[in-house]
Amino acid sequence: MILTVAEKRAQDRATIAAGTSEATLMRRAGEAVARAIETRWAPRPTVVLCGPGGNGGDGYVAARRLQQAGWPVWVARSGEPRAGSAAAEHAAAYTGEVRRLDGRALAGAELVVDALYGAGLSRALPADAAAVLRAVDAAGLDVCAVDLPSGVDADRGTAGDASPRARLTVTFGAKSPAHVLQPGRAHCGAVEVADIGLLPVAEGLLHENVPALWASRLPWPAVGSHKVQRGRLVVVSGPASSTGAARLAARAGLRVGAGLVTVLSPQDALRVNAVALEAVMVRPFDTDAELIDLVEHADAAVIGPGAGVDEATAANLLALAQTGAALVVDADALTVFREDAESLFSALDRDDVLTPHPGEFERVFPGLLKESLSRIHACRAAAAEAGAVVVLKGADTAIAGPDGRAVVNTNGSPWLATAGSGDVLAGLIGGLLAQGMDSFEAACAAVWIHAEAGSGFGPGLIAEDLPDLTPRVLGTLWRDRPQ
C-alpha cells in the first residue's frame with residue numbers, strides 16, 4: 001500500500017490516540033534507521049543531519065544508537081526542536097558531538113544520514129540545509145535518508161535542486177508516492193519500509209504494482225483446456241507500409257496465453273502479414289461491417305499499433321466498440337481522436353484499456369498531466385473521464401481504473417525505451433483480456449511482465465525480443481502461483 005502525507009499523519013494520530021506515545025514511535029523509527037545502516041555499511045565516520053522537527057528526532061535516536069554501537073558519529077543540526085516535543089526529548093538524550101549545519105558539518109564524514117526534513121517540508125529548503133546537501137552531492141558521499149531525502153515532495157514525487165541522491169531511504173509503515181514516482185524515486189535509492197508498530201489502516205486504493213495484487217487471478221489453463229477456452233484475440237493491422245507493430249502485438253498476445261490470435265488486415269497489407277506470421281492467423285477486411293463480423297466471436301481486440309492517424313482508424317475503433325470485445329486502444333487509435341476525445345470516450349466501457357505515453361496522453365487529455373498533483377492523480381482523473389482503464393506509460397508507469405484504483409509500476413527497465421516496446425505491451429494486455437482477466441488487473445499484470453522481460457534481457461533489447469522473453473517471466477509466476 002502507498003499512503004499520502006495526510007494518510008500517514010492520520011495513521012500516526014490514530015496510533016498515538018490508541019496509547020503509543022509519539023516519543024515511542026520516534027524511538028522505534030530512529031532505531032530502525034540505525035539497524036538499516038548497520039546492515040548495509042561497516043562502521044565509518046558518520047554525520048547525522050538533524051532538522052528541528054520529527055524527522056530530526058528520528059535522527060537523534062539513530063545517532064545515539066550508532067554511537068552506542070561504537071560508530072564514530074556526530075550530529076549537525078539546523079535549529080533546535082520545539083521545547084517539550086518528542087524530538088526535544090530525544091535530542092536531549094543524545095550526548096555526542098553536535099555541530100552547526102554549515103561548511104564544517106561534513107568534515108571527516110564518509111556517510112551522511114539525512115534527517116533534516118523528510119516528508120514534513122512544504123516549502124523550499126532553508127539556505128543552510130540546501131548548501132550542506134549540495135556539498136554532500138558534490139563530495140559523492142553515501143547518504144541514508146530518513147523517510148525521504150530532504151526537498152523531495154512526498155505526494156508529488158518532485159525533487160528540489162538540492163535534494164540529495166540517497167543510496168538508502170528508510171521509511172515507516174508504508175511507502176509514500178515519492179518512493180515510487182520519478183524523479184523522487186531516483187533520489188531515494190533502495191527503499192526499506194520499517195515496521196514501527198503503527199496501527200493498520202483500511203485498505204487503500206493506491207499500491208505499488210507487485211504480483212501479489214493480481215497473481216492469483218492470472219488465467220492459467222486447466223488440464224482439459226482447449227484453444228478457444230483460452231481466449232480469442234484480434235489485432236487490427238495498419239496499411240502495408242506499417243504492419244510490424246500489429247504483428248508485435250499479436251505475437252505478444254499469443255505468448256501471454258491467448259488461445260487464438262488473428263491479425264485483421266486491410267487488403268493491401270494481407271500478403272506481407274500472411275508471409276510474416278505463422279501461429280497467428282490473418283483475415284482480410286475492407287469495410288467496417290466486415291470488421292464487425294470478424295470480431296463477432298473475439299474476446300478482446302487491440303487497435304492502434306501502426307494503424308495510421310486517419311479516418312479509417314477512427315472508423316475501425318468505433319466499429320470495434322459495437323462488438324462485445326474488450327478493447328486495448330493504443331498509439332494511433334488514441335492520436336486520431338485528439339480533436340474529438342468525447343467521441344472516443346463515448347464509445348468505451350469499463351472493460352476497455354487506453355495505453356498512452358505522455359505525448360498521446362496530452363493529445364487525448366490536454367493539460368491534465370501538467371495541472372495534476374502527480375502522474376497518479378492525472379491517470380486517475382483520465383480513467384474517470386474516459387470511463388475506462390488508463391495506462392500512463394513511462395519509467396514510473398501509472399495504471400488507474402474508473403473506480404479509483406491505481407498502481408505505480410516500479411520494476412521498469414530503461415532497455416524498454418526502444419521502438420515497438422509499447423506495441424508488445426498492448427498485445428500482452430490484450431492477451432490477458434482475451435483470457436477473461438479483469439481489465440485493471442490485466443493491465444497491471446501486463447505492465448509488470450513487460451518490464452520484467454525487459455530487465456531480464458538488458459542491453460541490446462529490441463521489441464522483437466520481448467514476446468519470446470515472456471515465457472520465462474510466466475514460468476516464474478507459474479512456479480510461485482498461489483496453491
Side-chain angles (χ1 to χ4, degrees), residues 1-11 14 119 153-158 173-182 184-185 199-217 326-330 334 341-342 344-358 360-362 364-394 396-410 412 425 429 432-433 436-448:
M1 190 186 313
I2 299 170
L3 300 179
T4 64
V5 171
E7 290 168 335
K8 281 197 166 189
R9 285 175 176 164
Q11 185 183 34
D153 187 296
D155 286 341
R156 296 176 184 269
T158 56
K175 290 183 179 179
S176 299
H179 294 124
V180 297
L181 289 176
Q182 297 290 7
R185 190 173 94 203
L199 287 181
V201 297
E203 187 71 11
L205 291 176
L206 178 60
H207 293 268
E208 188 172 355
N209 189 22
V210 293
L213 293 178
W214 40 261
S216 64
R217 269 86 68 195
L327 305 184
V328 181
V329 185
D330 186 41
L334 293 166
E342 282 305 317
L344 171 62
F345 301 156
S346 64
L348 301 173
D349 64 34
R350 297 171 69 87
D351 292 330
D352 299 332
V353 182
L354 310 184
T355 57
H357 59 54
E360 292 158 352
F361 189 92
E362 173 62 23
V364 181
F365 305 98
L368 183 56
L369 190 55
K370 182 181 292 186
E371 296 163 2
S372 296
L373 181 68
S374 71
R375 285 170 61 86
I376 299 165
H377 290 79
C379 196
R380 273 182 167 150
E385 184 177 355
V389 175
V390 174
V391 178
L392 176 52
K393 296 182 287 193
D396 49 358
T397 294
I399 305 159
D403 57 1
R405 288 182 293 171
V407 304
V408 179
N409 200 64
T410 56
L425 175 60
I429 297 171
L432 292 173
L433 290 178
M437 199 171 184
D438 167 80
S439 296
F440 178 78
E441 292 178 343
C444 293
V447 167
W448 189 91

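This is a predicted model, so every value here is computed, not measured. By convention here, the first residue in the shown sequence is residue 1.
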Asker: For the residue pair Asp438 and Arg217, establish whether any side-chain heavy-atom pair is separated by less than 4.5 Å.
Answerer: no
Asker: Is there side-chain contact between Leu392 and Leu369, with heavy atoms separated by less than 4.5 Å?
Answerer: yes
Asker: Working to the nearest 0.5 angstrom, can you tell me the gap between His377 NE2 and Leu206 CG?
Answerer: 8.5 Å
Asker: Report the C-alpha separation of Val364 and Phe345 in whole Å, then their side-chain angles, then the decisive distance to 0.1 Å, and conclude whether the side-chain contact (heavy atoms from CB on, under 4.5 Å) test is met.
Answerer: CA-CA 10 Å; Val364 181; Phe345 301 156; 3.7 Å; yes
Asker: Calculate, to the nearest 0.5 Å, the distance between atoms CG and CD1 belonging to Leu354 and Ile429 respectively.
Answerer: 10.0 Å
Asker: Are Glu342 and Glu385 side-chain neighbours, meaning at least one heavy-atom pair lies under 4.5 Å?
Answerer: yes
Asker: Does any non-hydrogen side-chain atom of Arg380 lie less than 4.5 Å from one of Ser372?
Answerer: no
Asker: Provide the closest heavy-atom pair for Val329 versus Leu344 in the form atom of the first, atom of the second, distance.
Answerer: CG1-CD1, 4.4 Å
Asker: Donor-acceptor pair, Lys393 side chain versus Val447 backbone, under 3.5 Å?
Answerer: no
Asker: Compare all side-chain heavy atoms of Leu432 with those of Trp214 and state whether any distance is below 4.5 angstrom.
Answerer: no
Asker: Measure the CD-CG distance between Glu441 and Asn209 for me, rounded to the nearest 0.5 Å.
Answerer: 10.5 Å
Asker: Using a 4.5 Å cut-off on heavy atoms from C-beta on, say whether the side chain of Asp155 contacts that of Ser374.
Answerer: no
Asker: On a heavy-atom basis, which atom in Val180 and which in Arg185 lie closest, and how many Å separate them?
Answerer: O-NH1, 3.3 Å
Asker: Considering all heavy atoms of both residues, which atom of Asp153 and which atom of Ala178 are nearest to each other, and what is their separation?
Answerer: O-CB, 3.3 Å
Asker: Nearest 0.5 angstrom please: Asn409 CG to Trp448 CH2, how far?
Answerer: 9.5 Å
Asker: Would you say the side-chain atoms of Asp330 and Thr355 include a donor-acceptor pair closer than 3.5 Å?
Answerer: yes
Asker: If you define the side chain from C-beta out and look only at heavy atoms, does anything of Pro402 sit under 4.5 Å from Val389?
Answerer: yes
Asker: Checking side-chain contact (heavy atoms from CB on, under 4.5 Å) against Glu208, which of Leu213, Val408, Val407, Thr410 comes through?
Answerer: Thr410
Asker: Tell me the closest heavy-atom pair linking Ala445 and Met437, and the distance in Å.
Answerer: CB-CE, 4.0 Å
Asker: Flag the pair Ile376 / Pro177 as yes when at least one side-chain heavy-atom distance between them is below 4.5 Å, and no otherwise.
Answerer: yes
Asker: Quick one: closest heavy-atom pair of Ser176 and Ile2, and the distance?
Answerer: C-CG2, 3.5 Å
Asker: OG1/Thr4 to CZ/Arg9 distance, rounded to the nearest 0.5 angstrom?
Answerer: 9.5 Å
Asker: If you look at every heavy atom in Asp349 and Asp351, which pair is closest and at what distance?
Answerer: OD1-N, 2.9 Å
